[in-house]
Novice: 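Pasting in a structure now, in structure tokens, and then I'll have a few things to ask.
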Amino acid sequence: MPSLSEETNGRIETLMPGATIGIIGGGQLGRMMALSARYHGFRIGVLDPTPDCPVAQVADFQVTADYDDKAAIRELAERSDVLTYEFENVDADAIDEVRGSVAVPQGTDLLRVTQDRVFEKRFINDHGTQTALWRQVDDLDGLDNAIKEIGYPAVLKTRRGGYDGHGQVVVRGPEDLAKVHERDRLGTFPPSVLEGFVDFAFEASILISGNGKDFVTFPIVRNEHRHNILHLTIAPAQVSDGIAEEAKALALRLAKGFQLAGTLAIELFITKDGRVVVNELAPRPHNSGHYTIEACSIDQFDAHIRGIAGWPLPQPKLLGPAVMANVLGQHVSSTRKLIAVHPEWYVHDYGKAEVRQDRKMGHITVLTDDTQRTVDELEATGCWDDLRQ
Ligand SMILES: Nc1ncnc2c1ncn2[C@@H]1O[C@H](COP(=O)(O)OP(=O)(O)O)[C@@H](O)[C@H]1O
Ligand SMILES: [Mg+2]
């Protein structure tokens with residue numbers, strides 16, 4: 001039996017083709033990781049409650065159970081050489097419990113920090129990096145005190161479990177504050193954080209990947225959201241050299257702090273006076289990095305797989321500008337018509353059986369030499385016309 005991994009000095013072993021990567025979470029991020037793992041010669045297992053989920057369609061085996069089912073995590077660990085995850089809300093303790101039988105190159109500190117907004121902001125600030133002004137808020141009295149310090153407008157977010165704007169309330173003035181009081185008078189107030197509202201010029205993100213020792217960054221990109229869900233990514237962002245350098249420098253500070261293995265996404269606000277403020281982190285490939293599949297010399301999923309396999313990482317190069325548009329449930333039928341009209345557009349479909357409003361079903365990437373013209377072309381198709389209020 002050939003050795004599937006080689007011991008190295010660091011905590012990361014070098015994984016060889018033929019080894020099995022177990023992915024917790026069976027959605028589109030896991031699927032694109034798995035496709036990348038496949039061509040590197042790895043085998044793939046997935047833990048997900050939905051049979052024939054997007055990852056299972058391209059994996060060797062599925063453990064069909066909830067993400068926090070400890071027996072299922074143990075089974076996945078026993079059948080894998082390395083564990084990774086496609087989302088941050090997995091049970092870090094359960095992963096620690098199986099570390100005797102499987103390598104977890106990303107560690108669990110990264111998970112514990114990024115699944116709690118207070119830990120995350122503290123980590124970011126401790127690594128010399130700006131966030132919005134923030135205060136931990138444990139109850140309604142704490143909220144009133146935090147508002148006095150931060151002022152209006154502010155954003156109240158739950159510490160754990162939020163995504164795509166869920167678990168958030170914008171507090172614009174005393175009326176909104178009264179609404180939060182009303183809503184939470186009878187219920188239990190979830191552990192939260194209050195942030196000052198950042199009057200940003202635009203939102204951006206940067207990806208960084210590591211193998212525990214060395215780190216490489218992707219270019220800074222611009223993101224446009226609709227209803228708090230990513231709509232478009234424009235690569236690269238049109239920013240000054242100073243902003244691009246600061247984004248790269250802060251990404252390196254954070255990656256070193258985590259001894260990062262795999263890919264980390266950093267969501268940014270670029271302020272009108274040119275400051276780079278970190279919004280939040282995702283310890284995994286990110287929706288705003290899907291453009292890298294066609295537009296970069298190495299993509300965010302390859303970099304994730306190489307990183308957790310302990311392989312050296314090449315510096316990603318942007319081969320040319322690109323625009324990525326998300327296909328949500330309400331866009332599926334109209335965007336399918338684009339397949340015939342635009343053979344030069346890269347159409348991705350995640351293989352999800354159930355179509356629902358706002359569910360991420362796929363994306364389209366367009367390589368271009370004029371990103372604004374391409375954004376106009378995408379919008380002119382009418383496929384993304386918003387029917388919601
Ligand atoms: N402090 C803030 N100031 C201004 N806008 C914000 C702030 N926090 C969040 N937002 C807006 O809400 C969106 C979702 O917030 P985010 O913290 O990224 O949560 P999620 O986990 O839901 O992605 C952001 O992309 C941004 O558009
Ligand atoms: Mg976000």
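Whatever order the structure lists them in is the order used to number ligands and atoms, beginning at 1.
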Novice: Using the salt bridge (charged side-chain N to carboxylate O under 4.0 Å, His left out) rule, collect all pairs that involve residues 56-66, keeping only residues at least two apart or in two chains.
Specialist: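 Found Arg38-Asp60, Arg43-Asp60.
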Novice: If you stand at the Mg ion (ligand 2) and look out to OE1 of Glu267 and OE2 of Glu280, what angle do those two lines make, to 10°?
Specialist: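 The two atoms form an angle at the metal of about 90°.
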Novice: When you group the ILVMFWY residues by side-chain heavy-atom contacts below 4.5 Å and let the links chain together, are Val375 and Val366 in the same group?
Specialist: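 Same hydrophobic cluster.
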Novice: Regarding Ser209 and Thr263, do their side chains bring together a donor and an acceptor under 3.5 Å, going by distance alone?
Specialist: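 Yes - a donor-acceptor pair under 3.5 Å links their side chains.
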Novice: Just by distance, do the side chain of Gln300 and the backbone of His286 share a donor-acceptor pair under 3.5 Å?
Specialist: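 Present.
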Novice: Using a 3.5 Å distance criterion without hydrogens, assess whether the side chain of Gln62 forms a donor-acceptor pair with backbone atoms of Asp48.
Specialist: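 At least one qualifying donor-acceptor pair exists.
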Novice: Side chains of Tyr163 and Asn89: do they bring a donor and an acceptor to under 3.5 Å?
Specialist: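 Distance-only check fails for Tyr163 and Asn89.
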Novice: With a 4.0 angstrom cut-off on heavy atoms, strictly below it, pick out the residues next to ligand 1 and order them by chain and number.
Specialist: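 Contacts of ligand 1 under 4.0 Å: Arg117, Val155, Lys157, Gly162, Tyr163, Asp164, Gly165, Gln168, Glu195, Gly196, Phe197, Val198, Phe200, Glu203, His225, Asn228, Glu267, Phe269, Asn279, Glu280.
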